[in-house]
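Here the structure is a predicted model, which means the values were calculated and not measured. In what follows, every heavy atom counts, from backbone to side chain, and hydrogens, waters and symmetry copies are set aside. Both ligands and their constituent atoms are indexed starting at 1 by order of listing.
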Amino acid sequence: MKDILTWIDEYHQGSRFGLSGKILLKQNSKYQEIIIIENDYYGKALMLDGCWMTSSRDEKYYHECLVHPALSSIDKKSHILIIGGGDGGTARECLKYSRIEKIDLVEIDEEVIKVSKTFLQEVGGKAWSDKRLTIYIDDGVKWVEEAKDSVYDAIFIDCSDPSEFSNVLFKDSFYKECKRILTKNGILATQSESPESFKNIHIHILKSLKKIFKSSETMYSFVPLYPSGIWSWTFASKGQLNLSTTNIKEVMKIEKGCDIWNLNFQKGAFKMMPNKIIKELNSKNVK
Ligand code: SPD
């Protein structure tokens, strides 16, 4: 007998972004609804509280862009913090660098990790068994507030879209605490939403980081599964950002192992800011 195919949609501003397939899991954790669907083209996809998070086919569009611009510019033994990232994709990309000594992954929802390990094994891959990775089931905001000054060389904010539950991860107070716990030239890397389908929050993130850090830069690319496709990642530092300048042998090797990111792709991606976003960033009317 044929499997029954169901449509699962993310509803967004009068549109829906859907996948059809077989639902492998639908459950509520303490924090959110978790769905896994298996689609012929995207593979297995994870949805949290009605929003697509990742899929085994297109996750590299997202994780490679979040991690490599930052880590290909850090040329020293490093201690990394990942906030969220319970599917393991960000940790997997970080662990490609031999100079990463220790990663603290702080995920509030243990179920996301369990479900990802069960259904999305290829996303976390070998990261889950790498001794450099330690998982803490905890609140990322509290973790950052309680961390000592200047302890992390890079912080990756791998969070969901803003919601009642995740709003705190987009606040100035949180970014200021991240700045405090970064080393002198440490880098904050965050997914910064879509300039199209989440324009207001996108502008808010860029303005906040520009105001709080000495330097910040935004790159644009696409994540096919997310509303409108176009997505962004922003990098900030209390020192001068010099992204992907450690053009050493290891970076070249990592580039070869990537599906999406490479140094040339990145060069273009940092020049892709749509004009309407430039205008809004330059306008005096703060929203
Ligand atoms: N619209 C979805 C934004 C989600 C960004 N985080 C995805 C988590 C993948 N590790």
Response to the item:
Rounded to the nearest 0.5 Å, the CZ atom of F198 sits from the OG atom of S232 at a distance of 11.0 Å

Discussion item. Test of understanding: with salt bridge (charged side-chain N to carboxylate O under 4.0 Å, His left out), list the residues that count as partners of E250, not counting sequence neighbours.
Written reply: R99

Item to complete: Indicate whether any N or O donor in one side chain lies under 3.5 Å from an N or O acceptor in the other, for Q191 and D158.
Response: no

Fill in: Residue pairs, two or more places apart or on separate chains, that pass salt bridge (charged side-chain N to carboxylate O under 4.0 Å, His left out) and touch residues 50-60
E59-R92, K60-D259

Discussion item. Can you pull out every salt bridge (charged side-chain N to carboxylate O under 4.0 Å, His left out) where at least one residue sits in residues 177-194? Sequence neighbours excluded, please.
Written reply: D149-R180, E177-R180

Worksheet entry | ILVMFWY network linking I103 to V144, side-chain heavy atoms under 4.5 angstrom | yes

Discussion item. Using a 4.0 Å cut-off on heavy atoms, what residues surround ligand 1? Order them by chain and number.
Written reply: W52, M53, Y62, H63, D87, D158, C159, D161, Q191, Y226, W231

